[in-house]
Amino acid sequence: MALQDVCKWQSHFQGPSPHLPQAGCWAVPRGCDPQSFLRIYGPRLAHGTTTLAFRFRHGVIAAADTRSSCGSYVACPTSLKVIPVHQHLLGTTSGTSADCAMWYRVLQRELRLRALREGQLPSVASAAKLLSAMMSRYRGLDLCVATALCGWDRSGPALFYVYSDGTRLQGDIFSVGSGSPYAYGVLDRGYHYDMTIQEAYTLARCAVAHATHRDAYSGGSVDLFHVRESGWEYVSCSDVCVLYRELQMFTEAELEGEAHQTQPEPVILRGAEEGGEFPVGPREMAPGDSRIPAETETL
Amino acid sequence: MSARNSGKQFEVAIRGTNIVVLGVEKKSVAKLQDERTVRKICALDDHVCMAFAGLTADARVIINRAQVACQSHKLTVEDSVTVEYITRFIATLKQKYTQSNGRRPFGISALIVGFDDDGIPRLYQTDPSGTYHAWKANAIGRSAKTVREFLEKNYTEHAISDDNEAIKLAIRALLEAVQSGVKNIELAIIRRNQPLKMFSAKEIELQVIEIEKEKEEAEKKKSKKTV
């Protein structure tokens, strides 16, 4: 308004906007730079988790463990790390649980407002862009949100990775958290775009189970979600110890079964480097095999 | 409201099945004036364009703001604007100026055409009060009423199903009320997934020749019937 500009009058009523008021303000002692203050004295925040998401022909799978750790203390063994945003969008969360929960509520509000204004929900790409833009304003203030947005929009299944420094990546497979290296190993091994839904479920459960087996900060159970064209659905919740034992039993049964058959092609791995040959358990990957056999190494 | 009707030009827009057509009557330029700087059809983005009737300077302000809004939308949300979104933006801007002190309303009416991501063509008209409506075909400016009546009579499913027919309909509507003939017509089209295309004078002439032919044939048929 022209007169208000001249008189420099501020209206107290703030209309809806995607920015929280007074972005960048953190209460620190006078004269201190917020970033260095937080680095030295700030709260030690928890980051341990294993979450993963991958997209394939029949939608997007999101899976996560349920252990919330605070240092070496398990704060909650049954936390929910996959947050629904709306009917066709889920987010896996990793980093600071409080930050994730809050920013997801802000994203929900933003998407809902836009849906009301435009008459249709924004695409997953838009949601990811909005989230990363909102969070990048707080860069340098120890915000830690590493999330994978999984959804189905007009362009089909979509998957985006968003980090709180503003990173926004599109991809087919993402795993986030302290257990992600272990999960990536299993995922990269078994992923292909055209797999069946059951294969996808098995792959996701297997990846999280293996990650929880080795990572101290991941554990509890595996929450499995599937985003289809009709919306997201909560597939299953399986305890990781039980799951891991079952996977081991499958591979043992497979090995026993194979020991009685003639091997067409025994596969030998990593022979040259260590100056010897390690006899490795034979692996069969028949097409349509829904079990991923773990390899057994004997030294 | 009278500002936009007291000008000497008018605009016509038609929404076809696969094409949107914008036609304007150009002001005749003085001898020493460079014709290219007089533009009434402006692209707001690759898939949306706008024609206006009224005060050119006001239109310039609105067009600048709308062009920025299109790019801001792409930056925040990664998708191009829908025609309805940018129309709502322009209409909201106009309405703000009717309700603040120290400012006067924008003296223009705009016709905004384009294709959305889903491939559906759209045509919207805004007026200085800030309202907007969707239209199948419309005219604004001088003699808008006459032209609109012509369009109401001649806008048929057949007329708009073919791209060429839609273009001819727009030119015929313009010829209804244009004062100084073919030379003062400016035409632009947007086809699905293609950017704005301005017609050259030659192309417009070709279309007009076809229209004249069709008229003659129609008259011959009529005279045959009466005889």
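In what follows, chains carry the letters A, B, and so on, assigned in the order in which the sequence lines appear, proteins first and then strands, with residues in each chain numbered from 1.
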Original post:
Step by step, would you call Leu130(A) with Glu78(B) a side chain to side chain contact (heavy atoms under 4.5 Å, CB included)?
Top reply: CA-CA 9 Å; Leu130(A) 284 169; Glu78(B) 199 85 355; over 6 Å; no

Step through the shown structure and confirm whether more than 12 heavy atoms of other residues, nucleotides or ligands are within 6.0 Å of [atom1] on [X].
| X | atom1 | result |
| --- | --- | --- |
| Lys136(B) | NZ | no |
| Lys74(B) | NZ | yes |
| Arg105(A) | CZ | no |

List the atom pairs, with distances to 0.1 Å, where a side-chain N or O of residues 150-159 of chain B and a protein N or O form a donor-acceptor pair under 3.5 Å, not counting sequence neighbours.
from, atom 1, to, atom 2, distance (Å)
Asn154(B), ND2, Phe150(B), O, 2.9
Tyr155(B), OH, Arg15(B), O, 2.9
Thr156(B), OG1, Ala159(B), N, 3.0

Subject >> Within residues 79-95 of chain B, residues adjacent to chain A where the heavy-atom gap is under 4.5 Å >> reply: Asp79(B), Thr82(B), Tyr85(B), Arg88(B)

**OP:** Measure across Lys129(A) and Val77(B) and return the closest heavy-atom pair with its distance rounded to 0.1 Å.
**Re:** CG-N, 4.4 Å

Subject >> Close side-chain approach of Asp118(B) to Arg154(A), heavy-atom, < 4.5 Å >> reply: no

**OP:** Measure the spacing between OG1 of Thr76(B) and CD of Glu110(A) and express it to the nearest 0.5 Å.
**Re:**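 Going from the OG1 atom of Thr76(B) to the CD atom of Glu110(A) covers 9.5 Å.
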
